[in-house]
There are 2 protein chains.
Amino acid sequence: MPVKLNHSTSHGPESAGDELLSFFRAMADPSRLKIVGLLARQACAVEQLSALLGIGESTVSHHLARLADAGLVSARAEGHYSMYSLHLDALAAMARRLLKTEQLPALASGIDHGSFDRKVLASFTGPDGRFTAFPSQEKKFLVLLRHVLQDFRPGVRYSEKKVNEILSRYSEDTAKLRRSLVDFGFMDREGGGRDYWRKDRVAPEARIRGEAS
Amino acid sequence: MPVKLNHSTSHGPESAGDELLSFFRAMADPSRLKIVGLLARQACAVEQLSALLGIGESTVSHHLARLADAGLVSARAEGHYSMYSLHLDALAAMARRLLKTEQLPALASGIDHGSFDRKVLASFTGPDGRFTAFPSQEKKFLVLLRHVLQDFRPGVRYSEKKVNEILSRYSEDTAKLRRSLVDFGFMDREGGGRDYWRKDRVAPEARIRGEAS
DNA sequence: AAAATGATTCTATACGCATCGAATCAATTG
DNA sequence: CAATTGATTCGATGCGTATAGAATCATTTT
């Protein structure tokens with residue numbers, strides 16, 4: 001008897017795509033696809049499906065159990081037989097999920113979006129925290145810039161001397177870092193370089209704290 | 001470089017569900033589902049996906065090749081990178097297919113719908129072609145009735161004597177066969193059993209030939 | 001009650017494939 | 001040109017699972 005399991009009982013970090021995953025795995029088999037096709041026309045018993053597909057009854061039973069786990073079919077006893085029927089609504093629900101493209105990124109939930117940055121930083125910083133080199137790839141260079149930017153507080157004005165002091169923690173080439181921070185829009189300046197400040201690229205509530213280093 | 005293959009070039013008995021099958025198999029993996037989720041937001045390079053997913057670059061390359069085979073992603077060279085992007089339209093096309101329930105039975109194309117009948121006949125007929133027993137299951141008994149019905153021509157009237165003669169090829173219990181043929185609507189009769197004829201359950205063009213056995 | 005039958009479970013077995021590491025390729029940077 | 005780097009391919013390994021057959025269970029028929 002196929003166990004009915006749904007209602008993800010929240011006993012762990014159930015990813016948003018887990019339901020979709022079991023759905024796809026249930027459909028990712030030629031025999032099961034044919035079973036779905038046959039059950040779409042009419043409910044069938046195991047024996048009949050076995051004859052139609054040309055595979056053993058035990059195999060069919062196994063496939064049906066798998067489809068039932070995904071909530072796609074269910075059996076009801078009818079006389080001596082157990083007739084399996086397709087749940088068209090469940091199938092349609094999954095299909096509609098795929099059409100809502102705006103919530104497709106939820107499939108990537110549980111992804112650590114900082115892991116790439118961390119990997120890049122690990123490659124280009126020594127054990128003292130200073131940069132060993134500047135990556136040639138712009139995408140990775142931006143990672144370094146965002147990293148040094150964290151030493152500047154939003155809403156605080158820094159003199160060029162102070163900026164260089166902070167940047168010198170990471171590299172001797174403070175000029176390149178300073179210029180790049182402005183070029184890529186991470187910082188802005190006034191008076192031809194007298195004052196620098198971090199441009200607001202951060203969530204509003206993070207601006208409350210006004211401390212300077 | 002992922003090869004672009006579509007337009008099923010009709011080089012064989014391509015089952016209607018083959019496209020769907022490769023689609024499902026492409027999506028039936030947790031890593032690939034996450035890749036789809038990430039690419040739904042923005043195009044990515046292999047290196048970045050590898051870092052985000054925490055799996056090797058070679059593995060990611062393999063997964064992307066699989067998704068590309070299913071027509072779900074494609075790569076375009078951008079500088080030194082090859083940026084992979086998602087084909088939202090292909091994904092939507094598959095989803096819409098699942099919603100058209102009336103053509104779901106096409107998934108079972110290539111199924112021999114007579115195999116069940118043949119199996120039943122083989123179980124209940126001896127080498128001489130006569131029935132060894134009557135199946136107790138109604139569904140199987142109907143198979144036998146349809147079988148003997150083929151010895152009667154549409155549009156021809158048979159006397160009860162002639163009917164019994166034909167039925168006696170299969171079983172001594174001609175009365176049960178004759179009565180069942182009428183009860184289940186395969187044949188009709190007139191004059192309280194004087195004349196019998198096959199009821200028209202067959203395609204119209206098959207009625208043209210009027211021969212009697 | 002005994003026999004038959006449809007279905008499920010159990011046990012192997014074999015194939016597919018996800019994964020990694022190494023080798024290779026291609027393009028860029030120095 | 002040499003070195004680096006991103007990407008792909010290749011070889012090997014381990015896990016998952018599709019499948020068949022035997023055993024078991026439950027129901028029905030005789």
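Computation of the quantities below employed the complete heavy-atom set of this structure, encompassing side-chain atoms and omitting hydrogens, waters and symmetry-equivalent molecules. Below, chain A is the first sequence line, B the second, and so on; all start at residue 1.
Ring planes of Phe23(A) and Phe24(B): perpendicular class, angle over 60° (limits at 30 and 60°). Ring orientation note: the planes of Tyr170(B) and His147(B) are nearly perpendicular, at an angle over 60° on the 30°/60° scale.
The side chain of His63(A) has dT19(D) as its nearest neighbour among dA7(D), dT19(D), dT5(D). Comparing dT19(C), dT9(D), dG6(C) by their closest approach to the side chain of Ser61(B) singles out dT9(D).
Comparing Gln137(A) and Lys140(B) along DNA chain C, the residue whose closest nucleotide (by nearest heavy atom) sits nearer the 5' end is Lys140(B). Two residues, Phe134(B) and Glu57(B), neighbour DNA chain D, and the one matched to the more 5' nucleotide by heavy-atom proximity is Glu57(B). With the nearest nucleotide of DNA chain D identified for both Arg66(A) and Gln48(B), Gln48(B) has the one nearer the 5' end.
To the nearest 0.5 Å, atom CZ of residue Arg76(B) and atom OG of residue Ser85(B) are 5.5 Å apart.
As rounded to whole Å, 16 Å separates atom C1' of dA7(C) from atom CZ of Arg76(A). Look at CG on Asp69(B): it is 14 Å from C1' on dC17(C), rounded to the nearest Å. Between the NE2 atom of His62(B) and the P atom of dA18(C) there is a distance of 5 Å, given to the nearest Å. If you take CD of Glu78(A) and C1' of dA26(D), they are 17 Å apart, rounded to a whole angstrom. Between Glu138(B) atom CD and dT28(D) atom P the separation is 15 Å, expressed in whole Å. dG21(D) atom P lies 12 Å from atom CD1 of Ile55(A), rounded to whole Å. Atom P of nucleotide dC17(C) and atom CG of Leu64(B) are separated by 17 Å, given to the nearest angstrom. Separating the CE atom of Met27(A) from the P atom of dT17(D) is a distance of 17 Å, rounded to the nearest angstrom.
Among the heavy atoms of the strands lying under 4.0 Å from Ala45(B) are primed sugar atoms or P, OP1, OP2 only; no base atom is included. Ser82(A) comes within 4.0 angstrom of sugar-phosphate atoms only, judged by non-hydrogen atoms across all strands, and of no base. Note on Ser58(B): a base of the nucleic acid sits closer than 4.0 angstrom, heavy atoms only. Counting any heavy atom pair closer than 4.0 Å across all strands shown, Glu47(A) reaches sugar-phosphate atoms only and no base atom.
Within the 4.0 Å cut-off from OP1 or OP2 of dG6(C), not a single side-chain nitrogen or oxygen of His80(A) is found. Within the 4.0 Å cut-off from OP1 or OP2 of dT8(C), not a single side-chain nitrogen or oxygen of Tyr81(A) is found. Regarding contacts with the backbone of dT29(D), every side-chain N or O of Ser136(B) stays at 4.0 angstrom or more from both OP1 and OP2. Put simply, Tyr84(A) has no side-chain N or O that comes within less than 4.0 Å of OP1 or OP2 on dG6(C). Taking 4.0 angstrom as the limit, Arg25(B) places none of its side-chain polar atoms (N or O) nearer than this to OP1 or OP2 of dG16(C).
Atom CD of Gln103(B) is surrounded by more than 12 heavy atoms from other residues, nucleotides or ligands within 6.0 Å.
Figure legend: cation-pi geometry between Lys176(B) and Phe141(B), with NZ or CZ positioned under 6.0 Å from the six-membered ring centre and within 45° of its axis.
The closest donor-acceptor contact from the side chain of Ser171(B) to the backbone of Leu167(B) lies at 3.5 Å or more, if one exists at all.
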